Number of protein chains: 2
Amino acid sequence: MTTGSRKLNGAGKRSTRQRALIMDIIRRGQGHLDADEIFRRAREKEPRLSLSTVYRTLQMMKELDLIDELHFTESHHHYEVKPTREHHHLVCLGCGRVIEFDYPLSSYLKKEVPEAKGFEIEETEISVAGYCARCQRARR
Amino acid sequence: MTTGSRKLNGAGKRSTRQRALIMDIIRRGQGHLDADEIFRRAREKEPRLSLSTVYRTLQMMKELDLIDELHFTESHHHYEVKPTREHHHLVCLGCGRVIEFDYPLSSYLKKEVPEAKGFEIEETEISVAGYCARCQRARR
DNA sequence: AATGCTATTGCAAATCATTTGCAATAATAA
DNA sequence: TTATTATTGCAAATGATTTGCAATAGCATT
Ligand SMILES: [Mn+2]
Ligand SMILES: [Mn+2]
Ligand SMILES: [Zn+2]
Ligand SMILES: [Zn+2]
């Protein structure tokens, strides 16, 4: 009955030390970590852990809807625990910093657009790229 | 003075057969092509063209603001000529089809959010993943 | 039109993120 | 405890994109 074992067992999955650790890191990590960062942090506790396990675990947690995968304007992805409030992200092209902001999508996008096109929305994501205050200063 | 030579020369770039061809394919290709599809089509006219040239050209055209790079929930990117009207995309997880829709972002997102956070927006993208009418039928 | 300078190309090899095969190991049900 | 089988670590594979380099081709200048 360690962290999350309930949900895992419920889904017919086994509760392992590495899964608990990875989940913990994402939870405590202020969100928005990428696979490699999760790997680095996890290795401090569990030096034999492999990167494949990180990827496999992330994929599983995505399928169980425990986490969200974020697609910024980068070649790799970031992860955060399934959030309570609908929010999106400002990502700094200079330093990579991520700033959250609230923005409920209008019913026009959530209902009318899909209805008009016969499209069934699975998930929506707004990605905003630009420069944070600090990096704006640094650029001029 | 073939297609686009003006813009290229203006930017201190050379106007080559392969660049004109690639630009043409994107223009005529109904948009939303990926690098490999552009490569395949270009090869029909120019069999010795290399994939690196496609990638190098895409990057250049992005920098010259001639095209937009689209980040769907896929591991590779898609490209379209810089559009006139602000629009976004519904991408089908089943068949990959792309459906465009109009959706001007509210001033809340364009002005108030960045102001509040001291953030300077460079570009915004909404990506909506789901299932198109045809694929919905196929799934049940 | 011929020349020279250098950007651009094709090709092969490199890189980066992610995935996969497989034999060893560990979690759970019996 | 033991048996069953999911999960792991490791190495190798994959897919997308990038890079080094020598050959080629734009284009400004004679
Ligand atoms: Mn977040
Ligand atoms: Mn479009
Ligand atoms: Zn920044
Ligand atoms: Zn479809």
Side-chain angles (χ1 to χ4, degrees), chain A residues 1-23 25 32-40 42-64 66-67 69-79 96, chain B residues 1-23 25 32-40 42-64 66-67 69-79 96:
Chain A
M1 33 154 106
T2 7
T3 326
S5 66
R6 282 286 150 69
K7 279 218 180 72
L8 289 176
N9 287 320
K13 304 287 180 187
R14 291 179 183 177
S15 161
T16 70
R17 209 169 47 237
Q18 23 280 82
R19 282 176 180 170
L21 174 57
I22 291 170
M23 192 48 166
I25 288 173
H32 318 126
L33 303 171
D34 59 36
D36 205 65
E37 179 61 27
I38 293 168
F39 177 56
R40 271 193 299 268
R43 274 217 147 168
E44 285 169 22
K45 291 254 171 186
E46 197 80 42
R48 302 205 49 205
L49 182 97
S50 88
L51 186 53
S52 347
T53 297
V54 172
Y55 277 112
R56 280 189 280 234
T57 302
L58 289 173
Q59 195 165 306
M60 203 205 69
M61 286 154 78
K62 237 195 309 174
E63 272 151 24
L64 296 183
L66 295 170
I67 60 172
E69 183 179 69
L70 307 173
H71 310 92
F72 301 151
T73 318
E74 287 181 353
S75 42
H76 58 269
H77 304 152
H78 292 247
Y79 301 86
Chain B
M1 34 154 106
T2 4
T3 325
S5 65
R6 282 287 150 67
K7 279 217 181 72
L8 290 177
N9 285 321
K13 304 287 179 187
R14 291 179 183 177
S15 159
T16 70
R17 212 171 39 231
Q18 23 282 79
R19 283 176 179 170
L21 175 58
I22 290 170
M23 194 46 167
I25 287 174
H32 317 130
L33 304 171
D34 59 36
D36 205 66
E37 178 61 26
I38 294 168
F39 177 56
R40 272 193 299 269
R43 273 214 149 170
E44 285 169 24
K45 291 252 171 188
E46 197 82 38
R48 304 206 47 205
L49 181 98
S50 88
L51 186 53
S52 349
T53 298
V54 172
Y55 277 112
R56 280 189 280 234
T57 302
L58 289 172
Q59 195 165 307
M60 202 205 71
M61 285 154 76
K62 237 196 308 175
E63 272 152 24
L64 297 183
L66 295 171
I67 60 173
E69 184 179 68
L70 306 174
H71 310 93
F72 301 151
T73 318
E74 288 181 352
S75 42
H76 58 269
H77 304 152
H78 292 247
Y79 301 86

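Sequence lines set the chain letters: A, B, ... in the order given, protein chains first and strands last, and positions in each chain run from 1. Bear in mind that the values here come from a model prediction, so they are computed numbers and not experimental data.
R48(A) comes within 4.0 angstrom of sugar-phosphate atoms only, judged by non-hydrogen atoms across all strands, and of no base. Counting non-hydrogen atoms under 4.0 angstrom, L49(A) reaches the backbone sugars and phosphates but no base. Across all strands, S75(A) comes closer than 4.0 Å only to sugar-phosphate atoms, never to a base (heavy-atom distances).
Residue-to-nucleotide proximity on DNA chain C shows that, of E69(A) and R43(B), the 5′-proximal contact is made by R43(B). When each of A35(A) and R56(A) is assigned the nucleotide of DNA chain C bearing its nearest heavy atom, the one mapping closer to the 5' terminus is A35(A).
Here dT19(C) presents its C1' atom at 17 Å from CE of M60(A), a figure rounded to the nearest Å. To the nearest angstrom, P of dA14(C) lies 18 Å from CG of L51(B). Following rounding to the nearest Å, H76(A) (NE2) and dT19(C) (C1') show an atom-to-atom distance of 18 Å. One atom, NZ of K13(B), and another, P of dG26(D), lie 16 Å apart when rounded to the nearest Å. Summarising the geometry, the separation between NE2 on H77(A) and C1' on dT19(C) is reported as 13 Å, rounded to the nearest angstrom. Between R40(B) atom CZ and dA16(D) atom C1' the separation is 13 Å, expressed in whole Å. The separation between D36(B) atom CG and dT18(D) atom P is 14 Å, rounded to whole Å. Note: CG (L21(B)) to C1' (dT8(C)) measures 15 Å, nearest angstrom.
The phosphate of dA6(D) has neither OP1 nor OP2 within less than 4.0 Å of any side-chain N or O from T16(A). Phosphate contact (OP1/OP2 of dG10(C), side-chain N/O of Q18(B), threshold under 4.0 Å): present. Listed pair T53(A) / dG9(D) meets the phosphate criterion, a side-chain N or O lying under 4.0 Å from OP1 or OP2. Residue R17(A) places none of its side-chain N or O atoms closer than 4.0 Å to OP1 or OP2 of dT8(D).
One N or O on the side chain of R19(B) and one on the backbone of R14(B) form a donor-acceptor pair closer than 3.5 Å. Judged purely by atom type and a 3.5 angstrom limit, T53(B) has no side-chain atom pairing as donor or acceptor with the backbone of L49(B).
Ring-plane geometry between H71(A) and H77(A) is classed as perpendicular, the angle between the planes exceeding 60 degrees on a 0 to 90 degree scale with a lower cut at 30.
How far NE2 of H76(A) is from CG of D34(A): 4.0 Å, rounded to the nearest 0.5 Å. Expressed to the nearest 0.5 Å, how far CZ of R43(B) lies from CD1 of I25(B) amounts to 12.0 Å.
Proximity note for Q59(B) (side chain, C-beta onward) versus dT18(D), dG10(C), dT19(C): the nearest is dT18(D). For R19(A), the listed nucleotide lying nearest its side chain is dT7(D); candidates were dA11(D), dC27(D), dT7(D). With dT19(D), dT17(D), dT7(D) as the candidates, the nucleotide lying closest to the side chain of Y55(B) is dT17(D).
A donor-acceptor contact under 3.5 Å is formed by the side chain of R14(B) with the base of dT6(C).
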